[in-house]
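First up is the structure itself, then whatever we jot down about it.
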Amino acid sequence: MALLAALWKLKPILSESSEIQEILKSDFGDDFYWGVATAAYQIEGASDIDGKGESVWDRFTSKKSHIKDQSNGKIAIDFYNRYESDLKLLKNLNFKNFRFSFSWSRILPDGTGKINEKGIDFYNRMIDTCLELGIEPWTVLYHWDLPQVLEDKGGWTNREIINWFSEYTDLCTRRFGDRIRHWMVLNEPASFTTLGYLSGIHAPDRTGIHKFLASVHHANLCQSEGGRIIRRNVKNSHIGTALSCSYTEPHKMTGSYQRAAQRLDVVLNRLFIEPSLGMGYPVQHLPVLEKLERYIQPQDIENLKFDFDFIGIQNYFRVVAKPSIIPYIRANRVKPQDSAEVTAMGWEVSPEGIYEIIKQFAKYPIKEIIVTENGAAFPDQLINQRIHDQQRIDFYKRYLQNVLKAKNEGINVTGYFAWTFIDNFEWAEGFRTRYGIVYNDFETQERTIKDSGYWFRDFLK
Ligand code: NOJ
C-alpha cells in the first residue's frame with residue numbers, strides 16, 4: 001500500500017530546467033494530430049440517468065473518505081448534457097481531434113447481455129456532433145470505470161473478464177466503428193492495476209500482490225484481444241493502447257540504486273508493452289513477476305501479442321529511484337529538492353523526461369508513437385473572468401519542444417493530446433486539482449477559457 005501511495009505522490013529529488021523556445025505548429029508537420037483527451041467518468045456525470053448501470057467509481061466515491069474533497073462524478077462537468085456547446089468550444093480553440101472514453105456501464109448496465117440503447121444513443125449523438133464540426137473522434141474502450149456487477153465477480157482478477165471485455169468491445173466496434181477510425185483499447189493499465197488492485201487508492205479499493213498480478217495478466221490479455229476485435233470489425237482502423245510512462249533513473253550510479261531503478265522501470269514502463277510485442281514479462285528485472293506463472297495458460301504467450309498501429313504514451317513526470325524495504329518491488333521514489341518545480345499533484349515538472357521516455361519506447365519495434373496525454377494541474381484563479389495560467393503555458397511549451405526534439409531526431413511521433421480540455425473530476429483528488437485549458441465553475445458549470453486555452457487556439461491557428 002505504502003509503495004504505491006509513494007509512487008504516485010512523491011516527487012524525485014533532482015530538478016531540471018529547460019529553456020523555453022518558441023515553437024510553431026508547422027514544426028510538427030501538417031499531418032500531426034493535435035487533440036485533447038478526456039474520460040467518461042471524469043466528465044459525463046449523468047451517473048444514473050437513462051439506464052446507466054453502476055460503475056466501480058460510482059461505488060468507490062459513495063464512501064466520501066475515498067476522495068480528498070469528498071466529491072464524486074455524479075454530475076462531474078455535465079458533459080452528458082453539454083457536449084454540443086463543449087465541442088463547439090473545442091472547435092473554436094482550433095483542435096481537430098477529441099479523445100473520449102465509452103462508459104461500459106452506460107452501454108451494458110449489467111456488464112454483459114442487455115444493451116442500453118439510450119447509452120448508445122448518447123454516444124451516437126456525440127460522435128455525430130464531432131463529425132459535423134470537423135472534429136475527429138478518438139475513443140478509449142476502458143478508462144477505469146468497470147461495471148460494478150463485474151467487479152462483484154472479481155473484476156480484473158477474474159479471467160472471465162476476457163469474455164466480458166470481448167463482448168463489450170465487439171458491441172462498441174459494431175455500433176460506432178462506421179464513424180470512428182481511431183481506437184485505444186486500455187487507458188493506463190499500469191495505473192488501474194496498481195492503484196485499484198494493489199494499493200487501493202483508487203476503485204475498486206482492493207489490495208494484495210496476487211490481486212495485482214492477476215489483474216495485470218488479464219488486462220494484458222484484454223489489451224491484445226481488444227486489438228484483434230477492433231481490427232476484425234472496423235475497416236481502415238487505427239488501433240492503439242494508451243500507456244502511462246515515466247522516465248526512471250537511479251538516484252546514485254551504484255548497483256543497488258540501478259537495480260531499484262530497473263524494478264520501478266518494469267512497473268511503470270514495461271509491464272504492458274513488452275508482452276504485446278511478444279517479449280513476455282520482464283521477470284529478470286522484477287522477480288515477483290515469477291508469481292504470474294499461476295495465471296498464465298499455455299496459449300496465453302501467443303495471445304498476449306498484438307501488432308498495434310500506434311502506442312499512446314502518457315507522461316507527466318520522471319522518477320528518480322532508490323532501494324527501499326517495501327515488499328516485492330523494493331524500490332521507491334526519491335523526494336525532490338525543495339527548489340524543484342512541482343505541479344498541484346506534487347509531480348515534478350520534468351520536460352526532458354518526455355524526450356527520454358519517447359526515446360526509450362522508440363527502441364521497441366513499434367510503428368508509431370502518439371502522446372495521448374500530457375498536461376499539468378496548477379492552482380488556477382479566476383479573476384475578472386480570466387485565468388492567467390502562464391505556468392501551464394510554459395509547461396506545455398517545454399514539454400512540446402521536447403516532443404519535437406524526439407520527432408526531429410527521426411522518431412515517428414505523430415500526435416499530441418493535451419490533458420485536459422475542461423477542468424474535471426480528478427479521481428481520488430476530486431475537483432481540487434485543475435488540469436483543464438478551460439476553467440470550470442463546478443457550481444454553475446460555466447466554462448471560461450484559460451490563457452493556456454487561448455495559447456493553444458493561437459498556436460493551432
Ligand atoms: C492519467 C489518467 O489517464 C487521467 O484520467 C488522469 O486524470 C490524468 N492522468 C491526470 O492525473
Report yes if the side chains of [X] and [Y] come closer than 4.5 Å at any heavy-atom pair, otherwise no.
X      : Y      : answer
Asp265 : Gln360 : yes
Thr248 : Arg318 : no
Phe308 : Leu277 : no
Ile135 : Phe95  : no
Phe98  : Pro137 : no

Taking the ring of [Y] and the ring of [X], is the distance between their centroids below 6.0 Å?
X      : Y      : answer
Tyr168 : Phe102 : no
Phe192 : His143 : no
His202 : Trp144 : yes
Tyr416 : Tyr399 : no
Tyr80  : Phe122 : yes

Nearest 0.5 Å, what's the CG-NZ distance between Leu146 and Lys153? 11.0 Å

Mind checking the CG-SG spacing from Asn315 to Cys245? Nearest 0.5 Å is all I need. 5.0 Å

For [X], which residues count as a ring pair (Phe, Tyr, Trp, His ring centres under 6.0 Å) partner, sequence neighbours excluded?
X      : value
Phe361 : Tyr364
Phe165 : Trp104
His66  : Phe60
Trp164 : none

Summary of salt bridge (charged side-chain N to carboxylate O under 4.0 Å, His left out) pairs that have at least one residue in [range], sequence neighbours excluded:
range            : answer
residues 102-114 : Glu44-Arg106
residues 197-225 : Glu151-Arg206, Glu225-Arg228
residues 115-125 : Glu117-Arg175
residues 298-307 : Arg159-Asp300, Glu302-Lys305, Asp307-Lys367

Apply side chain to side chain donor-acceptor pair (under 3.5 Å) to [X] and list each qualifying residue two or more places apart in sequence or on a separate chain.
X      : value
Asp458 : none
Gln314 : Arg99, Asn187, Glu188, Thr372, Glu373
Glu84  : none
Arg232 : none

Do you see a donor-acceptor pair shorter than 3.5 Å between the side chains of [X] and [Y]?
X      : Y      : answer
His218 : Glu160 : no
Asp50  : Asn116 : no
Asn97  : Trp138 : yes
His217 : Tyr281 : yes
Arg447 : Asn440 : yes
Thr173 : Asn233 : yes
Asn424 : Tyr435 : no
Ser452 : Tyr439 : no
Glu167 : Thr112 : no
Gln148 : Asp152 : yes

Does NZ or CZ of Lys25 lie under 6.0 Å from the centre of the six-membered ring of Phe459, at an angle within 45° of the ring axis? no

